[in-house]
Number of protein chains: 2
Amino acid sequence: MATGRPHRPATRGRGIPEATVARLPLYLRALTALSERSVPTVSSEELATAAGVNSAKLRKDFSYLGSYGTRGVGYDVEYLVYQISRELGLTQDWPVVIVGIGNLGAALANYGGFASRGFRVAALIDADPAMAGRPVAGIAVQHADELEKIIDDNGVSIGVIATPAGAAQQVCERLVAAGVTSILNFAPTVLSVPDGVDVRKVDLSIELQILAFHEQRKAGEAAAASELSDVAELVTPVAPPVAATKRRADDGSEGPDGLSAVMPA
Amino acid sequence: MATGRPHRPATRGRGIPEATVARLPLYLRALTALSERSVPTVSSEELATAAGVNSAKLRKDFSYLGSYGTRGVGYDVEYLVYQISRELGLTQDWPVVIVGIGNLGAALANYGGFASRGFRVAALIDADPAMAGRPVAGIAVQHADELEKIIDDNGVSIGVIATPAGAAQQVCERLVAAGVTSILNFAPTVLSVPDGVDVRKVDLSIELQILAFHEQRKAGEAAAASELSDVAELVTPVAPPVAATKRRADDGSEGPDGLSAVMPA
DNA sequence: ATGCCTTTGTGAACGCGTGCACAAAGATGA
DNA sequence: TCATCTTTGTGCACGCGTTCACAAAGGCAT
């Protein structure tokens with residue numbers, strides 16, 4: 001989700017809904033696996049199972065791309081792989097720069113999934129002069145001073161930010177000023193960018209916190225159910241499980257106004 | 001988004017919508033920053049800006065938690081930090097195991113964001129015997145044989161999968177069998193889990209592909225606009241930019257049925 | 001050629017999420 | 001104490017996304 005844009009309708013350009021676009025890579029991956037096993041055709045039901053979605057949703061998604069199926073038979077795997085690839089823009093080469101070659105940046109540089117679908121790591125950039133020249137994943141790290149030149153020389157339009165949070169906004173601005181119009185942000189910060197620039201963020205901490213919420217809820221529900229022996233509670237939980245919110249683990253880390261338990265990130 | 005569940009209504013438990021839960025960590029981060037600067041109160045407008053969301057949305061989100069604001073003044077920062085922390089379950093300790101200590105797993109182990117909000121890395125687990133005993137981020141890697149024992153001993157309910165795609169489902173099943181009920185999956189695979197287990201996935205490749213789609217669209221629109229000199233096209237794009245879909249880069253890699261351009265991952 | 005059977009493609013309904021706009025609430029100063 | 005001003009909390013409407021259910025379409029066997 002891009003930040004700092006005044007909210008355009010989700011379905012833009014032709015008319016492919018954003019939610020559908022987000023699922024196309026999923027279908028593509030499943031189709032690629034089928035293609036490797038030389039499976040010629042696949043039904044919406046089979047493919048949907050492989051991709052982990054509803055078959056009706058899959059068919060509707062594909063209907064936005066056009067009518068690529070054959071009724072009574074299914075979809076031609078190879079043809080669909082090509083159509084989705086083309087729709088996603090994967091039939092062309094996308095040079096990408098990774099900024100911030102710490103643990104995460106190095107992991108990203110080594111990640112095979114980058115190179116496999118038209119994405120090419122054009123450069124690794126770090127602000128630490130000691131990193132300059134050091135090879136990571138077979139590519140020599142370049143100093144941040146070179147950022148603008150690298151982007152210009154390679155025609156880079158996609159940048160990956162893997163710096164500490166404090167440096168992210170500044171790096172972002174330099175990337176944008178140099179011509180980058182899509183940013184994948186791993187730093188735990190809200191980036192503000194001008195209109196026309198897309199930002200997607202990957203935030204490990206947020207994902208964990210969402211899991212913790214559900215985990216707490218599950219623990220609370222289970223405790224409430226076992227304590228009250230009220231089975232109906234499980235089906236339609238009405239009252240909040242007050243006394244059961246802090247079950248599990250030993251806890252004890254929650255003060256009266258409990259602020260000590262929360263540490264600034 | 002969990003996979004393999006028959007789709008429960010998005011707002012569960014008490015009544016906090018899933019979309020709101022996903023934003024709470026964002027608010028919490030912004031509030032923590034304010035707290036460090038000793039800011040006593042904050043208005044919905046200010047906080048919304050800091051978190052990168054609409055102020056009305058923020059107020060509605062908070063209204064699900066209760067009425068924690070003061071009209072005419074705003075929200076008490078410290079109090080709100082505590083309330084959100086409690087709601088997310090961050091006032092308790094969450095032991096976490098990371099399975100698969102490759103580049104990514106090591107990066108996650110070193111990531112400060114894990115430890116900072118009640119998440120404690122209880123163990124690092126890898127299937128490679130050569131890794132066993134090696135310290136990563138100050139913690140000795142343990143062999144996968146110990147997985148069940150580790151989870152049981154530490155009361156782990158959250159697992160992070162950072163293995164190659166091929167091993168992910170098997171690891172997932174062992175985690176679930178051992179008692180893990182929340183999984184953060186970094187492997188590019190669809191995990192199937194029994195009901196009651198939450199799965200969230202982080203997929204670098206998918207994020208990049210979504211960016212590529214928008215990037216291609218932008219390039220196509222820009223090319224169409226400059227070719228046709230039709231400015232209105234930019235404001236409300238009506239007709240698909242047919243001749244401009246494959247602009248940018250040199251292309252030429254697209255055959256008649258263009259299958260060669262797509263490489264299996 | 002014809003009827004059957006499978007699977008696609010989509011119209012329609014429903015529910016969630018978002019944003020507007022305003023009334024209620026409380027602080028603050030005279 | 002009372003008026004004013006700021007900011008919250010929310011009713012309402014709208015649009016996107018999901019799902020159901022079915023008609024249209026095409027292969028295949030007889």
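Naming convention: chains lettered A, B, ... in sequence-line order (proteins, then strands); numbering from 1 in each chain. Computation of the quantities below employed the complete heavy-atom set of this structure, encompassing side-chain atoms and omitting hydrogens, waters and symmetry-equivalent molecules.
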*Quick one, give me the B/S/- string for nucleotides 21-30 of chain C, reading 5' to 3', where B means a protein heavy atom under 4.0 Å from the base and S means that only happens at the primed atoms, P, OP1 or OP2.*
B--BB-S---
*Salt bridge flag under 4.0 Å for residues Asp203(B) and Arg29(A)*: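 So Asp203(B) pairs with Arg29(A) through a salt bridge.
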What integer distance in Å separates [X]:[atom1] from [N]:[atom2]?
{"X": "Leu58(B)", "N": "dG17(C)", "atom1": "CG", "atom2": "C1'", "result": "15 Å"}
{"X": "Lys57(B)", "N": "dC20(C)", "atom1": "NZ", "atom2": "C1'", "result": "13 Å"}
{"X": "Leu65(A)", "N": "dT8(C)", "atom1": "CG", "atom2": "P", "result": "15 Å"}
{"X": "Asp76(A)", "N": "dG27(D)", "atom1": "CG", "atom2": "P", "result": "13 Å"}
{"X": "Ile16(A)", "N": "dG17(D)", "atom1": "CD1", "atom2": "C1'", "result": "15 Å"}
{"X": "Leu47(A)", "N": "dG9(C)", "atom1": "CG", "atom2": "P", "result": "12 Å"}
{"X": "Glu45(B)", "N": "dT8(D)", "atom1": "CD", "atom2": "P", "result": "8 Å"}
{"X": "Glu46(B)", "N": "dT7(D)", "atom1": "CD", "atom2": "P", "result": "8 Å"}

*What distance separates Leu34(A) CG from Tyr75(A) OH, expressed to the nearest 0.5 Å?*
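Leu34(A) atom CG to Tyr75(A) atom OH measures 14.0 Å (nearest 0.5 Å).
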N or O in side chain of [X] less than 4.0 angstrom from [N] OP1/OP2:
{"X": "Tyr64(A)", "N": "dG17(D)", "value": "no"}
{"X": "Tyr75(B)", "N": "dG9(D)", "value": "yes"}
{"X": "Lys60(B)", "N": "dT10(D)", "value": "no"}
{"X": "Ser44(B)", "N": "dT8(D)", "value": "yes"}

*If we ignore angles and hydrogens, is there a donor and acceptor under 3.5 Å between the side chains of Glu36(B) and Thr32(B)?*
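Checked: Glu36(B)/Thr32(B) side chains show no N/O donor-acceptor pair below 3.5 Å.
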*Pairs where residues 40-49 of chain A contributes a residue and the test side-chain hydrogen bond (donor to acceptor under 3.5 Å, both in side chains) is met, not counting sequence neighbours*: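 Qualifying pairs, neighbours excluded: Ser43(A)-Glu46(A), Ser44(A)-Arg59(A), Glu45(A)-Ser55(A).
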*Do other residues, nucleotides or ligands put more than 12 heavy atoms under 6.0 Å from the CD atom of Glu173(A)?*
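Enclosed: over 12 neighbouring heavy atoms sit under 6.0 Å from CD of Glu173(A).
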*Among dT10(C), dG9(D), dG17(C), the nucleotide that comes nearest once only the side chain of Pro17(B) is considered*: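 Of the options given, the side chain of Pro17(B) lies nearest dG17(C).
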*Kindly indicate whether the side chain of Leu90(B), heavy atoms from C-beta on, has any atom under 4.5 Å from the side chain of Phe213(A).*
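No - every pair of side-chain heavy atoms lies 4.5 Å or more apart.
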*Answer whether the closest heavy-atom distance between the side chains of Lys201(B) and Leu26(A) falls below 4.5 Å.*
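Heavy-atom side-chain distance check passes, below 4.5 Å.
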